[in-house]
Amino acid sequence: MNYWLMKSEPTEFSIDDLAARPDRREPWDGVRNYQARNFMRDAMRVGDLAFFYHSNCEPPGIVGIVRIASEARPDPTAFDPRDKHYDPKSDPDDPRWWLVEVEFVEKFGRPVTLAALKSRPELADMQLVKRGNRLSVMPVEPRHWDIIRKMAYEGA
DNA sequence: GCCAACGTTGGC
DNA sequence: GCCAACGTTGGC
């Protein structure tokens, strides 16, 4: 079982949007970064858990937990010329971009903000808090996962 | 293969 | 809105 962190801008797709889906599931489409794609396509397994991170908002931070609910499959938005994430270089016979489905698990009572994460010396080696990090899908070390969950439940 | 130009991410 | 950091593109 692996742990992950997945970013989304809440104005695009928020954890409340996910919770409001009838089946509480959603394809995590639109990822257009090779490293992030590789994590989804090659390393994620059904049942893995991921932090849902709100980026580009006030405040940025982890707002809850989702479960990986499907194996990876080609991202159909790459093939749709009307889609904002259309990529003419993604060939349906050899797809360039992939997605997994995520399923709502829980929303924290209050977010664990990026500022709070940065204030913890034990989290200093997390990929997320490192300077210049732009990766939208990344692994989370189990020890970091445990610390952050405690922060969420303590309201820290 | 190098690298400058460009576009995007995302915190602040 | 600004801009640093980073990834991608394309000329050479």
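First the proteins, then the strands, lettered A, B, ... as listed; each starts at 1. Quick caveat: nothing in here was measured; it's all calculated off a predicted structure.
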Novice: Between A:Asn133 and A:Arg96, which is nearer to the 5' end of DNA chain C once each is assigned its nearest nucleotide?
Specialist: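 The residue whose closest nucleotide sits nearer the 5' end is A:Asn133.
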Novice: Can you measure A:His85 atom NE2 to B:dT8 atom C1' for me and round it to whole angstrom units?
Specialist: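 Distance, rounded to whole Å: 12 Å.
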Novice: Report yes if at least one side-chain N or O of A:Lys7 is closer than 4.0 Å to OP1 or OP2 of B:dG11; otherwise report no.
Specialist: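 The answer is no; no side-chain N or O of A:Lys7 sits under 4.0 Å from OP1 or OP2.
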Novice: Starting from A:Val137, can I reach A:Trp98 by hopping between I/L/V/M/F/W/Y residues whose side chains sit under 4.5 Å apart?
Specialist: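 Looking at the clustering, A:Val137 is in a separate group from A:Trp98.
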Novice: Rounded to whole Å, please give me the gap between OH in A:Tyr34 and C1' in C:dG7.
Specialist: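 The answer, rounded to whole Å, is 10 Å.
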Novice: Figure out the CD/C1' separation between A:Gln35 and C:dG7, and round it to whole Å.
Specialist: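 Answer to the nearest Å: 11 Å.
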Novice: Is the shortest side-chain heavy-atom distance between A:Lys7 and A:Leu128 below 4.5 Å?
Specialist: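 Of all side-chain heavy-atom pairs linking A:Leu128 with A:Lys7, at least one is under 4.5 Å.
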Novice: Report the C-alpha separation of A:Asp80 and A:Thr77 in whole Å, then their side-chain angles, then the decisive distance to 0.1 Å, and conclude whether the side-chain hydrogen bond (donor to acceptor under 3.5 Å, both in side chains) test is met.
Specialist: CA-CA 5 Å; A:Asp80 179 358; A:Thr77 65; over 6 Å; no
Novice: Rounded to the Å, how far apart are A:Asn33 CG and C:dT9 P?
Specialist: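 Rounded to the whole Å, the gap is 12 Å.
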Novice: Between A:Phe51 and A:Phe108, what is the ring plane arrangement, given parallel below 30°, perpendicular above 60°, and tilted in between?
Specialist: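 The rings of A:Phe51 and A:Phe108 stand perpendicular, inter-plane angle above 60°.
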Novice: Any idea how A:Phe13 and A:Trp28 line up, ring-wise: parallel (<30°), tilted (30 to 60°), or perpendicular (>60°)?
Specialist: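 Rings of A:Phe13 and A:Trp28: perpendicular, as their planes differ by over 60°.
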Novice: Would you indicate, yes or no, if B:dG11 has its OP1 or OP2 atom less than 4.0 angstrom from a side-chain nitrogen or oxygen of A:Tyr53?
Specialist: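 Checking B:dG11 against A:Tyr53, a side-chain N or O does come within under 4.0 Å of OP1 or OP2.
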Novice: What does A:Lys130 touch in the nucleic acid at a heavy-atom separation under 4.0 angstrom: a base, only the sugar-phosphate, or nothing?
Specialist: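 Nothing, no nucleic acid heavy atom in range.
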Novice: Using the 3.5 Å cut-off, write out each protein N or O paired with an N or O of nucleotides 1-3 of chain B and the distance between them.
Specialist:
none

Novice: Expressed in angstrom and rounded to an integer, what is the separation of A:Met138 atom CE from C:dG7 atom P?
Specialist: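 After rounding, the gap between these two atoms is 12 Å.
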Novice: Are A:Trp4 and A:Phe52 close enough that their ring centres sit under 6.0 Å apart?
Specialist: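 When the ring centroids of A:Trp4 and A:Phe52 are compared, they turn out to be at least 6.0 Å apart.
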Novice: Report the distance from atom CG of A:Leu128 to atom C1' of B:dG10, rounded to the nearest whole Å.
Specialist: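 Interatomic distance, CG of A:Leu128 to C1' of B:dG10: 11 Å.
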Novice: Rounding to a whole Å, what distance do you find between A:Lys84:NZ and B:dT9:C1'?
Specialist: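 So the two atoms are 12 Å apart, to the nearest Å.
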Novice: If you check every side-chain atom of A:Ser55, which of C:dT9, B:dC12, B:dG10 has the closest atom?
Specialist: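 Between C:dT9, B:dC12, B:dG10, the one nearest the side chain of A:Ser55 would be B:dG10.
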Novice: Mapping A:Asn56 and A:Arg32 to their closest nucleotides on DNA chain C, which lands nearer the 5' end?
Specialist: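 Result: A:Asn56.
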Novice: Evaluate the criterion side-chain contact (heavy atoms from CB on, under 4.5 Å) for residue pair A:Asp75 and A:Met40; output intermediate values, then yes/no.
Specialist: CA-CA 11 Å; A:Asp75 181 347; A:Met40 288 198 296; over 6 Å; no
Novice: To the nearest angstrom, how far is A:Leu135 atom CG from C:dT8 atom C1'?
Specialist: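 Spelled out: CG on A:Leu135 to C1' on C:dT8 is 15 Å.
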